[in-house]
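Heads up: the structure comes next, in structure tokens.
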Amino acid sequence: MPAKPEDHLYLVDGSGFIFRAYHALPALTRKSDGMPVGAVSGFCNMIWKMLQDLKGDDAPSHVAVIFDASRFSFRNEFYPEYKAQRPDAPEDLRPQFGLIRDATRAFNLPCIEIDGYEADDVIATYAREAAAGGAEVTIVSSDKDLMQLVGGRIGMVDLMKGKVIGVEQVREKFGVGPERVIDVQALAGDSVDNVPGAPGIGVKTAALLINEYGDLETLLERAAEIKQPKRRQSLIENAELIRISKRLVTLDDNVGNLPAYDELARRQPEAEMLLSFLNEMEFSTLTRRIAAIFGVEPPAAAPAPEPEAVPAAEPGAEAAVEAAKIDTSAYEIIRDADALKAWIEKIYERGEVAVDTETTSLDEMTAELVGVSLATAPGRACYIPLGHQTGDGDLLGAAERAAGQMALDDAIAILKPMLEDPSILKIAQNMKYDLKVLARYGIWVAPFDDTMLLSYAQEAGMGGQGMDALSKRHLDHEPIPIKTLLGAGRKKITFDRVEIDKAAPYAAEDADVTFRLWKILKPGLVRNRVTRVYEVMERPLVPVLADMERAGVKVDRDALSRLSNNFAQKMAGLEAEIHELAGEKFNVGSPKQLGEILFDKMGMDGGKKGKTGAYATGADVLETLAAEGHDLPARVLDWRQLSKLKGTYTDALQTHINAETGRVHTSYSIAGASTGRLASTDPNLQNIPVRSEEGRRIREAFIADEGNVLLSLDYSQIELRLLAHIADIEALKQAFAEGQDIHAATASEIFGVPVEGMDPMIRRQAKAINFGVIYGISAFGLANNLRIPREDAKRFIDAYFEKFPGIRAYMDATVETAKKQGYVETVFGRRIHTPEINAKGPMGGFQRRAAINAPIQGSAADVIRRAMVRIPPALAKAKLTARMLLQVHDELIFEVPESEADETAETVRKVMEGANLPAVALTTPLVADAGKGRNWAEAH
DNA sequence: GGGATCACG
DNA sequence: GACGTACGTGATCCCA
């Protein structure tokens, strides 16, 4: 029976799944006999996830999972080298190929492979047949070789990335439509598969040529007309090779002896078959999860808990079970004191409650409370509306308080004792926000757990820590988007304008989801051995940061305003000069226009276009031009600096001054950076200028209150010190122990020159190498940074590794660790996950460098977090009144009465320099330097 | 809304 | 054999 138009056929690229599962997951072996099963586990999770996702309207009527039969296919008959250079599959993957086919069958899915053909050919054949019958076809794969099939009824989807690959995406990748993809592939070749193509021609050039000549045959016939001699020659000389390449990349959509289309009709998984397979594999989590969905007991004899290597919180654990129960219509709306008291009673019975606040703004310093939601168990949640308004809320239509709400004061009076009760655990997603809002209503929430931070401690780098991301990952549930309530753009309203009946399901759902997440994430702390990370470096930081943010920093508005005017004047002068030099007026702030002036109109050399087709005009480009004696780019550099300072700092900072406090209150994200660093937003006070003289004037506008000074303490070379410790580099450790100038010492070591009377240039180069090492050094990067030939950079690096072989060992070992366990660790046990570490090509290099950097940057971040948590109590104990205001990665800024400044500096220094203890004894001392002054520039 | 640019550690 | 690469962030501007 042929395919019918109402059919929907899913063709899963099983071989692609295998390699993804294998590389994405840490090695995992079966407990009982040590059999490697990591890829099987990943494969099962992926298939299960896919089947779960395929329940709605687009549920397929037919499904097949297709595999490569062997590494040889008919293509080797006419081109023996095809895929010949590919290494054998890794040793621990080979035994899993068969198990994965078993797994496919255990899911009751057809498992198809045809000798002499690749999976892609089989997919092409089924796709063509089904599409011919009018059916819809979805290919589940990310393989570029399948993209030639896209179009019409045939679509493609990359489930791992959640990305649909349509004609547009194909066009983006190959520069031509699907029907010409094989032409481009034939020209460009493929080194991974050993498809020769035309030497010297890549995808970009191939697409260009194909688009110009229409198709490959025409191009080859008219190759003589090509203007570029190299391309012309390459095409003429290699015409035959190119034709072979085309045969190699063209999928055969006429594979014979395939199981009939009918046999692909979708069959539901059968509990017994699937569960016994999973149980045999000893995948206890997945077994339990799926058993629950089937509503049966998991098979007995499921052996001991899963090994350590199972990733973090086991995304999706218990997920679907809970998800089925999320019913946003089942929540209660609390409208009077009696109802609220009943909830408080329930909370006391349980001892724990999820809390979420709804407010008028995302800025906690000005946000007003609109409502509070509570959840005491999965599905048991309520919403307490407190500040909802009726009416449009436009300037004329006076808003009125909506009916059916408790008085705010009454609700606060009832909630406060519970929220402050030490015996009741409050659970929130991003508690810092709620803590700050409630603090303004006289409530100081404690004790608490924070689901965002529970996830961050376990899953940093594995995906976001936002509520929506967590809910999707762990509960397989998409919460109501806030957009559906507030709208977007010009017509966006504030939460107090949302009708209570609409607000309640959203708000209560947030508390419900938070509670469910907590149930899943809290136990993961122990399993993942990150309890200390969470308890010492995440959770206690929340109230500390809340206090810092609430304190804010005083800023001299008039000084900023004067600077703004000053900058504006200078910019106007520069702009006139620039227009004069260009011979016409244009927007200096537009890189596009500037590029055209420089390279098209004025004909300067070195114009390089990026992927958007615009010339690059970054500072490095302009500096090169300026060095060649061009005035215009030099002026633009000056203009840009002023424009940046004015636009980002002197103008913008003034708008951030809080009307009530007269100070600037930033907000720190605790779970923003994957390495453990904080990030500062609204405004970002971690990137206030300091490197240029003009920029430092802006720091002068950050001042202390009357009678106070600003006190700054910063860690000296903390990352290099930690590198010396982590990589165990004796020479570096000694240099630090002796208090030497570390860059000079490094220079002396690698270049063999004495520190005395050292050429500053030599020291500068050593400094660049030192930083480079922290970043996962490459000759390219160092050459770029120092503006020296790459060969020289390579020599420097070689000399460096020669002197410090331990560094290379550290780098290799770190990448190895990342590949093996899927994460790297700081010295304090913070885990940074590296899910893409096995990516091929440039991405792989990127990921490797990030993995090398993460333990160093992350350990430094841990150190200062530990210090920050201890400083407030240390100050209190010493009866000092200083307030901690800002953190800039390795620096802390305090506002302190002038008379206490020195004693505060010593107290803080002691905490900072001992922040690693007692958890970790460092073999390199930590050193903090202090400075004070009326403003930040003086203190720094 | 994405890319280019540039401020910081 | 070519390509693209220093690590981590956030804000602003232009421009489609």
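Each chain gets a letter, A, B and so on, in the order its sequence line appears, and its residues count up from 1. Hydrogens, waters and symmetry mates are skipped; everything else that's a heavy atom, side chains included, is used.
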> Between the main-chain N or O of A:Pro689 and the side-chain N or O of A:Arg699, is there a donor-acceptor pair closer than 3.5 Å?
Replying inline: yes

>> When the C1' atoms of B:dG2 and C:dA6 are compared, how many Å lie between them, rounded to an integer?
In response: 24 Å

>> Does A:Gly845 reach a base, just sugar-phosphate, or nothing at all? Heavy atoms under 4.0 Å.
In response: nothing

>> For the backbone of A:Glu459 and the side chain of A:Ser455, can you confirm whether one donor and one acceptor N or O come within less than 3.5 Å of each other?
In response: no

>> With nearest nucleotide decided by heavy atoms, which residue, A:Ser590 or A:Ala652, maps closer to the 5′ end of DNA chain C?
In response: A:Ala652

> For A:Gln686 and C:dG8, is the shortest distance between a side-chain N/O and OP1 or OP2 below 4.0 Å?
Replying inline: no

>> Between B:dT5 and C:dT5, how many Å separate the two P atoms, rounded to a whole number?
In response: 13 Å

>> At 4.0 Å (heavy atoms only), tell me whether A:Ala619 reaches a base, stays on the sugar-phosphate, or touches nothing.
In response: sugar-phosphate

>> Does a side-chain N or O of A:Arg849 approach OP1 or OP2 of C:dC7 to a distance below 4.0 Å, or not?
In response: yes

> What's the CZ-P distance between A:Arg640 and C:dT12, to the nearest Å?
Replying inline: 18 Å

> Within the pair A:Thr617 and B:dA4, is there a side-chain N or O less than 4.0 Å away from OP1 or OP2?
Replying inline: no

> Is the backbone of A:Gly781 close enough, under 3.5 Å, to the side chain of A:Tyr775 for a donor and an acceptor to pair up by distance?
Replying inline: no

> Do the side chain of A:Thr681 and the main chain of A:Asn684 share a donor and acceptor less than 3.5 angstrom apart?
Replying inline: no

>> Just to be sure I understand the rule, does A:Ala851 reach a base, reach only the sugar-phosphate, or reach nothing, if contact means heavy atoms closer than 4.0 Å?
In response: nothing

> Should A:Thr666 be listed as having a side-chain N or O under 4.0 Å from OP1 or OP2 of C:dG10?
Replying inline: no

> Could you give the CZ-to-C1' distance, from A:Arg697 to B:dA7, as a whole number of Å?
Replying inline: 18 Å

>> Roughly how many Å apart are C:dG4 and B:dA4, using the P atom of each and rounding to a whole number?
In response: 13 Å

> Does C:dT5 have OP1 or OP2 sitting under 4.0 Å from an N or O in the side chain of A:Asn784?
Replying inline: no

> What does B:dC6 pair with, Watson-Crick or G-U, if both distances are under 3.5 Å?
Replying inline: C:dG10

> With both distances under 3.5 Å as the test, what is the Watson-Crick or G-U wobble partner of C:dC3?
Replying inline: none

> Which part of the nucleic acid does A:Ser191 contact within heavy-atom distance under 4.0 Å: base, sugar-phosphate only, or nothing?
Replying inline: base

> If you find the nucleotide of DNA chain C closest to A:Lys204 and the one closest to A:Ser680, which residue's nucleotide is nearer the 5' end?
Replying inline: A:Lys204

> Do the side chain of A:Thr624 and the main chain of A:Asp620 share a donor and acceptor less than 3.5 angstrom apart?
Replying inline: yes

>> Using a heavy-atom cut-off of 4.0 Å across all strands, would you classify A:Asn687 as base, sugar-phosphate, or nothing?
In response: base

> Is a donor-acceptor pair below 3.5 Å formed from side chain A:Arg691 to base B:dG9, judging by atom type as modelled?
Replying inline: yes

